[in-house]
Amino acid sequence: MTSRLPISPQVFAIFSALVAEKIGFHYDATDRELLGDKLSARALDAGFDSLLDYYYFLRYDPGGAAEMDALIDGLVVGETYFFRELAQLELAVSEFVAPRVAAGGRPRIWSAACSSGEEPLTLAMLLAERGLLDKVELIASDVSARALSRAQAGVLGPRSLRSNAPPPPFAERWLQVTPDRVVVSAELRRAIDWRRINLLDASQIAALGRLDVVICRNVLIYFHDNTARWVVKNLSGALSPGGILLVGVSESLFRLGTALACEERGGVFLYRNAEP
């Protein structure tokens, strides 16, 4: 039995358009074999021997929606780990969350496209260490149901901790680490409101209401510029006055255009809603 299905330029074109429509990921012509490999694996598992047949099933069959969810699980990039770009999260807690709590507020924080949850769980640790975990609303979301299920279960693989970077000392209070897995404290997992949200769906973002901190890191790079522009516009619109948007350290919103003010604080760049 074949382990890979051929993907012609025409079939690549209709699939790349479908993926962009559903989750925003942009594949150009140089990615044809990469996308073909991922599609083949899922199509063969689903019992198809033709990618074109698989496409028509996804697009038109009543069972296509459930299968599309399974395909999305295989397409999304799960590269994440605890304490990634930690300085950004520490700054968000110390300069934006803690002062709002001290002033009597209950800050609302959203970790978007969180994959298997290492980012919001790291943030929960930082909040807990400062006695703030029960004084905020912490939301975490992803488009992948499978990734969210792993995050909520709190049993992750050893790659969730970088071997070349020892974790902060406080990590041992929240993580049980063995050679083959990392188990996350139930207290942290229960403190997070896990939701399935597609960043292309403006109504899902609007339903979250106003937020003080939005974290959407290392995601926009997978979108076409027009799609990224649309997502940033919706994320920006969700920020409360003075709220901040954090993107990955290698990402910039300058090429996309944004009404948010870019600021640098202690070597960390952030985008702030400066509207009164």
Side-chain angles (χ1 to χ4, degrees), residues 7 9 11-43 51 55 58 67-82 84-85 88-89 110-120 122 139-151 159-160 162 195-202 204-205 208 214-238 245-258 260 269-271:
I7 181 168
V11 171
F12 168 76
I14 59 175
F15 262 111
S16 58
L18 177 65
V19 172
E21 172 192 329
K22 296 297 184 182
I23 59 172
F25 280 22
H26 174 64
Y27 291 92
D28 62 29
T30 62
D31 299 317
R32 178 154 64 101
E33 297 305 316
L34 171 65
L35 181 59
D37 287 342
K38 293 184 175 184
L39 292 171
S40 289
R42 185 60 226 168
L51 287 181
Y55 173 84
L58 290 170
E67 178 56 31
M68 189 71 215
D69 286 345
L71 176 60
I72 288 171
D73 286 340
L75 292 176
V76 293
V77 179
E79 175 60 26
T80 184
Y81 47 89
F82 288 106
R84 186 179 190 181
E85 299 170 10
Q88 286 187 321
L89 303 183
W110 176 27
S111 170
C114 73
S115 187
S116 47
E118 285 88 335
E119 176 180 272
T122 296
I139 302 164
S141 73
D142 200 81
V143 71
S144 169
R146 183 174 66 182
L148 286 173
S149 178
R150 289 185 62 208
R159 286 171 59 98
S160 64
R162 279 296 178 97
R195 304 191 191 187
R196 190 176 183 200
I197 294 176
N198 188 329
L199 292 179
L200 299 190
D201 192 329
Q204 291 184 352
I205 295 175
L208 291 173
V214 174
I215 306 164
C216 186
R217 305 192 298 179
N218 308 300
V219 178
L220 299 175
I221 54 175
Y222 297 104
F223 295 160
H224 188 277
D225 280 359
N226 288 337
T227 304
R229 216 171 273 119
W230 164 259
V231 171
V232 169
K233 178 175 179 287
N234 292 323
L235 296 179
S236 302
L245 169 64
L246 296 176
V247 298
V249 296
S250 62
E251 297 176 305
S252 169
L253 302 188
F254 290 127
R255 67 184 173 84
L256 303 174
T258 177
L260 302 178
F269 286 90
L270 56 90
Y271 296 87

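Just so you know, these numbers come straight off a predicted model, no measurement behind them. All heavy atoms count here, side chains included; hydrogens, waters and symmetry mates do not.
By the side chain to side chain donor-acceptor pair (under 3.5 Å) test, R84 is found to be paired with no residue, residues two or more places apart in sequence or in another chain being considered. Here Y55 pairs with F15 under the ring pair (Phe, Tyr, Trp, His ring centres under 6.0 Å) rule; sequence neighbours left out. Taking the side chain to side chain donor-acceptor pair (under 3.5 Å) definition, one finds that R196 meets it with D69, sequence neighbours left out. Remark: D37 pairs with R4 by the salt bridge (charged side-chain N to carboxylate O under 4.0 Å, His left out) rule, at least two apart or across chains. Residues passing the side chain to side chain donor-acceptor pair (under 3.5 Å) test with E251, sequence neighbours excluded: none. Not counting sequence neighbours, N234 has no partner by the side chain to side chain donor-acceptor pair (under 3.5 Å) test.
Within the 3.5 Å criterion, the main-chain N or O of A145 finds no donor-acceptor partner in the side chain of S149. A donor-acceptor distance shorter than 3.5 angstrom exists from the side chain of Q88 to the backbone of V247, with no hydrogens or angles considered. Distance alone, capped at 3.5 Å, is enough to place a donor-acceptor pair between the Q204 side chain and the N198 backbone. Side chain of R229 to main chain of L256: a donor-acceptor pair is present (N/O by atom type, distance under 3.5 Å, no hydrogens or angles).
For the atom pair CG (L245) and CZ (R217), the distance works out to 11.5 Å, reported to the nearest 0.5 Å. One finds the OG atom of S16 at 8.0 Å from the NE2 atom of H26 (value rounded to the nearest 0.5 Å).
Relative orientation of the F223 and F25 rings is tilted, given thresholds of 30° and 60° on the angle between their planes.
Looking at D142 and S115, their side chains never bring a donor and an acceptor atom within 3.5 Å of each other.
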side-chain contact (heavy atoms from CB on, under 4.5 Å) assessment of I197 paired with V143
CA-CA 5 Å; I197 294 176; V143 71; over 6 Å; no
